[in-house]
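Right, one structure below, let's go through it.
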Amino acid sequence: MTMYAQQLSFDLPAKPALGREDFYVAPSNAMAVTLLTSHDNWPQGKLVLTGPAGSGKTHLTHVWATQAGARIVRAERLPDADLCDLAMGSVAVEDVDEIAADEAAQDALFHLHNMVLAAGHKLVMTGRNAPNLWALSLPDLQSRVQGATHASLEAPDDMLLSIVLAKLFNDRQIAPKPDVIPYLVGHMNRSFVAADQVVRQLDHLSLAEKRSLSRPLAIRALAEIQRHA
């Protein structure tokens with residue numbers, strides 16, 4: 001029987017840390033954090049939180065939901081949700097920009113929006129782009145979205161990207177050598193999605209080859225990601 005050249009590895013999902021202590025404030029996200037955590041001052045009681053994929057919207061939404069005692073629901077699931085039950089408290093609706101062609105979901109969000117605010121609760125809606133670009137086909141909903149306070153998460157600076165990489169490694173319970181994160185920050189695409197991708201690739205290579213997370217392994221990981229881009 002021949003031996004496998006590589007160790008069989010299982011790509012187990014990392015357990016994300018979504019507590020307030022795990023969310024790091026930097027110049028690129030400080031304004032959004034300030035706005036989201038001061039919900040008593042929101043005009044009309046609602047806020048739109050935007051940012052690119054992996055920018056921390058879900059994490060920050062969970063932080064707010066925990067502090068406000070709110071529930072979180074994806075926009076596409078609203079047609080099947082009990083709106084009256086949801087409207088009994090504050091609510092965060094994620095990925096609203098993805099229902100631009102879903103009339104049933106937009107109609108449900110329109111009614112939930114009115115019910116939540118009429119009851120004096122708070123409403124958070126999230127999406128990738130600025131709300132004026134969501135192009136929701138229900139005009140009354142689009143106007144209400146654009147009337148909300150807007151908080152935007154920006155692309156990460158060096159400090160935040162370093163912290164995010166460290167957090168992603170920690171979520172997977174792996175420890176890179178000290179020169180790995182500085183190298184990655186200087187050579188990878190500057191996005192949170194790219195950070196997640198490179199950490200996954202490094203974890204896979206390290207397990208498959210039984211190697212430590214070193215700079216040479218980081219160089220290989222980035223090269224492989226680039227080849228498959």
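If you read the sequence from its start, that first residue is 1, and numbering goes on from there. Only a predicted model underlies this, so the values are computations on that prediction, with no experimental measurement involved. These values consider heavy atoms only, across backbone and side chains, with no hydrogens, waters or symmetry-generated copies.
Taking the side chain as every heavy atom from C-beta outward, Phe110 and Leu136 never approach each other to under 4.5 Å. Looking at Leu109 and Ile99, their side chains come closer than 4.5 Å, going by heavy atoms from C-beta outward.
One finds a salt bridge joining Arg74 and Glu98 here, because a Lys/Arg side-chain nitrogen approaches an Asp/Glu carboxylate oxygen to under 4.0 Å. For Lys167 and Asp196, the salt-bridge test fails: no basic side-chain N is under 4.0 Å from an acidic carboxylate O. Checked for salt-bridge contact, Glu209 and Arg220 meet the test: a charged N lies under 4.0 Å from a carboxylate O. Salt bridge Asp95/Arg128: absent, no basic N to carboxylate O contact under 4.0 Å.
Residue pairs meeting the ring-ring contact (aromatic ring centres under 6.0 Å, His included) criterion with at least one partner in residues 156-189, sequence neighbours excluded, are Tyr183-His187. Residue pairs meeting the ring-ring contact (aromatic ring centres under 6.0 Å, His included) criterion with at least one partner in residues 120-151, sequence neighbours excluded, are absent.
Partner of Pro176 under the side chain to side chain contact (heavy atoms under 4.5 Å, CB included) criterion, out of Leu165, Asp203, Leu213, Leu184: Leu213 alone.
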Candidate pair Glu103 and Ser137, rule side-chain hydrogen bond (donor to acceptor under 3.5 Å, both in side chains), full reasoning: CA-CA 7 Å; Glu103 293 183 4; Ser137 59; 5.0 Å; no

side-chain hydrogen bond (donor to acceptor under 3.5 Å, both in side chains) between Gln201 and Gln197, worked out: CA-CA 6 Å; Gln201 182 69 8; Gln197 186 180 24; over 6 Å; no

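Hydrophobic clustering (side-chain heavy atoms under 4.5 Å, transitive across Ile, Leu, Val, Met, Phe, Trp, Tyr) keeps Trp42 apart from Met115.
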